[in-house]
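Step one of this worksheet: look at the structure below.
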Amino acid sequence: MSGGGCSVRAIWILTPHDAVAFSRRFAVVEKRWRASWEAEGGGGSEGDGRGAGAPTPPQLPADHEVAAAFADRRRREGTARGSGIRTSLSSVGSDSWVDDPITRQVISLHINKEESDDFMIWPVVLQKRGGYYILVLPLVDPQSFSAYENLLKRSDCGSSAKENGNLSSILLNLPCITGAFMVAHVIGDIITGDIAEPEVIVSSGPSVGGLLDSLTGSIGISARSKPIAAPVAAPTASVSSPVGSAQSESLKGGVRPFDKDLLRNFIIGAMPFGTPQDLNYTNVTSIRTTGFSGDPLPTDQKQPAWKPYLYKGRQRILFSSLETINAALYDRDDVPDFLSVSGQVTCRAELEGLPDVSLPLTGLKTAHVEVSSFHHCVQASDPTDNKQTLVFQPPLGNFVLMHYQAPCNIAPPVKGFYQLSMVSENEGAFLFKLTLMEGYKSPYIMEFCMITMPFPRRRVASYEGNPSIGTVSMTEHSIEWRIVSSGRGLSGRSIEATFPGTVKFLPRTTQRTNSSFRSVSSTAYTEDSDSEQDNVKNGASLDDYIMEKINKDLQAVDLEEPLSWQAYNYAKVSFKIAGGTLSGLTIDPKSVNIYPSVKAPAEYTMQASSGDYILWNTLGKCPTAALPKDL
């Protein structure tokens, strides 16, 4: 049974207060579980309530029993996920007794029954999204279940990677675990409203090409790019439902309600009878709207699962390279700057029938691509002679053709230095001296650029200073310097920007404690990591990450750096660049081949934007240790 893919016995969604907000059970899968249990003689040894003396397997628990078991696990393990490490507080039979961190994601629940024997359900895949806890119980064979029960009783601590009976070896033989994680992930996307298609950028105006493009680009005039809409077949009404919208009403505990009917309809279409068939939200909603394609196919072609219906209309194929650059610029001889590019190639193929598309990637040696992954419809050749060919039968709508990581192979788009020092307790002096787009020629165009100075622990009263270019505004806890505004792009030339000034803060009303935040227990740290992972998944920026994770733990410092408590000693840069890539990896649209041959133009656009792009204060201490490992 373990090699037969994934089937799900039940799904539960719990609120932060351990109340079941949604549940779904699959009777067909449960019948298979009971049959396999009885065929194996109860799935356990005699005396455990599930051996030969008790051949009847327990029923799936009721919602209130699941909620009570989850609350009990939270109390027993310290947090919802627990630590996954055996401590002096761990008890025999608990997940932490197994002494494996994976038990933070694959958990067990002990169900207490008043009228019958207690029992356990395992493996329950746990994922936290939008404040909710998503529990997915896949179907496993009784042998794997019994193996995990034995781990709950072992006396020794830890497990060796070479040991056959360890938890990792058990889970590796269960492909249903991967499927359950995918089910939990897509349910989390629906709950949080993160169900939009990947962005494909198209030019809003035709390109004349040649000398005219060069001349207009050199003076900052360029065809603006815009994202293309999702397929018409996808029901937009569902996307605009309460799933991810900002609503005034909220549940107790700070979580927003989600559209249960939308989730229920998705489950019916995506995993009928409990077996996932297609977890792509767009495909499932498109099938519900338009049905399967009724057009006959050639006898030698098979319609793939990722293309449930065929396209009809004007034919074209669109590609976009979307890159994000993360940087930490110190402007110091003793600390090297850090720059890294993560990118993706998105595609939208409006092609009739089931054609094959051949696409050459160029600039592989120049880009020094470190990591790459491809959509499951892609067959990628081995890289040779600075090129790699991708052959694929594209699905409908927008999709990510490939992901990659590479170093930044040209100069940073924004470089220079930032200085901040205090002249009194409530006043600081700062200086920016920056160079934008040095070495970037047309068709590169910077569409906007903004610098933000965050002061999360102080309230800004006023600022003084005039930048050499751009406009300045302030919020309660930051100063924002907009150097390049939207609609006034910078192309074909570089500029230097300076901004000297002072900032004044409101007097302190409360004093920070020195070390009370440092005496944080391991339990609290683990609970913080729960919310931290949820924030990162929902796109939290470095500012938010630092605010929520480090803000509590930093000690007070002397007057010389009262604003620069380690990780706050920076300015953040935000920008967007169109017309080229920063890695050097590109696509030649003229080399795109479609078989059978059709008259379908290929369009290609490129865009780069800032991720965590940081200018550290050159007058402060170097806080490299405060950065996340991936920055």
Side-chain angles (χ1 to χ4, degrees), residues 8-26 30 33 58-85 87 89-98 100-114 116-140 145 148-149 151-152 167 176-177 180-181 183-185 187-188 191-192 251-258 260 263 267 523-524 526-534 537:
V8 175
R9 295 174 61 193
I11 299 171
W12 296 277
I13 301 177
L14 279 70
T15 68
H17 299 286
D18 302 326
V20 176
F22 178 89
S23 66
R24 178 65 190 267
R25 295 163 176 80
F26 299 94
E30 188 63 16
W33 159 254
Q59 300 283 347
L60 275 174
D63 287 352
H64 70 276
E65 293 172 335
V66 173
F70 188 76
D72 181 66
R73 183 187 187 276
R74 185 197 294 268
R75 288 189 294 269
R76 183 175 63 250
E77 301 291 346
T79 65
R81 285 196 176 99
S83 64
I85 300 175
T87 65
L89 300 178
S90 301
S91 58
V92 178
S94 64
D95 288 333
S96 59
W97 189 261
V98 179
D100 194 318
I102 201 172
T103 56
R104 302 184 73 239
Q105 306 290 341
V106 182
I107 68 173
S108 63
L109 294 179
H110 297 266
I111 308 300
N112 297 320
K113 303 282 288 189
E114 296 180 358
S116 60
D117 294 333
D118 299 344
F119 64 94
M120 179 183 73
I121 56 175
W122 178 89
V124 180
V125 170
L126 169 64
Q127 191 169 115
K128 184 181 180 184
R129 295 287 299 279
Y132 292 95
Y133 294 98
I134 304 168
L135 308 180
V136 179
L137 175 64
L139 174 66
V140 298
F145 185 89
Y148 185 73
E149 281 189 314
L151 290 179
L152 294 177
L167 182 56
C176 61
I177 298 296
F181 272 108
V183 171
H185 179 79
I187 290 176
I191 288 176
T192 59
L251 294 180
K252 202 172 182 179
V255 294
R256 293 183 180 134
F258 59 91
K260 297 180 181 179
L263 179 58
I267 291 175
T523 297
T526 309
E527 190 67 57
D528 284 347
S529 65
D530 281 349
S531 59
E532 167 194 320
Q533 292 189 14
D534 188 48
K537 173 61 191 173

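Position 1 is the first residue of the sequence, and the numbers go up from there. Heavy-atom basis, side chains included; hydrogens, waters and symmetry copies ignored.
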Closest non-hydrogen atoms of Q127 and A184, given as atom of the first, atom of the second and distance, are OE1-O, 3.7 Å
* Do L263 and R24 come close enough that some side-chain heavy atom pair is under 4.5 Å? -> no
> Taking NZ, NE, NH1 and NH2 as the nitrogens, is one of them in D63 or R25 under 4.0 Å from a carboxylate oxygen of the other?
Replying inline: yes
**Report entry** Main-chain N/O of G82 paired to R104 side chain as donor or acceptor, under 3.5 Å
**Finding:** yes
Q. How far apart are the C-alpha atoms of F181 and V106, what are their side-chain angles, what is the distance that settles it, and do they pass the side-chain contact (heavy atoms from CB on, under 4.5 Å) test?
A. CA-CA 9 Å; F181 272 108; V106 182; 4.0 Å; yes
Run E149 and W122 through side-chain contact (heavy atoms from CB on, under 4.5 Å) and show every step you take. CA-CA 9 Å; E149 281 189 314; W122 178 89; over 6 Å; no
In this structure, CD1 of I121 is separated from CG of L135 (nearest 0.5 Å) by 8.0 Å
Check whether any side-chain heavy atom of I134 lies under 4.5 Å from a side-chain heavy atom of I191, and answer yes or no. yes
Across all chains, not counting sequence neighbours, the side chain to side chain contact (heavy atoms under 4.5 Å, CB included) partners of N112 are D118
- For L152 and W97, what are the C-alpha separation, side-chain angles and deciding distance, and is it a side-chain contact (heavy atoms from CB on, under 4.5 Å)? CA-CA 6 Å; L152 294 177; W97 189 261; 5.5 Å; no
CZ of R129 to CD1 of I187, rounded to nearest 0.5 Å, is 10.5 Å
* P123 side chain near Y148 side chain, heavy-atom distance below 4.5 Å -> no
Quick one, F70 and V20 - any side-chain contact, counting heavy atoms below 4.5 Å? no
Tightest non-hydrogen contact, residues I102 and L167, listed as CG2-CD2, 3.1 Å
Heavy-atom distance under 4.5 Å between the side chains of I11 and L137, does that happen here?
no
Here the pair of heavy atoms bringing R76 nearest to S94 is NE-CB, 3.6 Å
message = Main chain of A21, side chain of K260: is a donor-acceptor contact present, judged purely on distance under 3.5 Å?
response = yes
Between A80 and Y133 the two heavy atoms that sit nearest each other are CB-CE2, 3.4 Å
Value for CD (E77) from CD1 (I85), rounded to nearest 0.5 Å, stands at 11.5 Å
Are F22 and I267 close enough that some pair of their side-chain heavy atoms sits under 4.5 Å apart? yes
Rounded to the nearest 0.5 Å, the CD atom of E30 sits from the CZ atom of R9 at a distance of 4.0 Å
Correct closest heavy-atom pair for W12 and S23 would be CD1-CB, 3.5 Å
Check your understanding: So, do K113 and I111 sit near enough that their side-chain heavy atoms are less than 4.5 Å apart?
Key -> yes
Margin query: Are F258 and Y132, when compared by the centres of their aromatic rings, separated by less than 6.0 Å?
Written below: yes
Rounding to 0.5 Å, atoms CZ (R73) and CG (D18) come to a distance of 11.5 Å
### Message
Any heavy-atom pair between the side chains of V140 and C176 that's under 4.5 Å?
### Response
yes
When rounded to the nearest 0.5 Å, the distance separating CD of E65 from CG of L60 is 10.5 Å
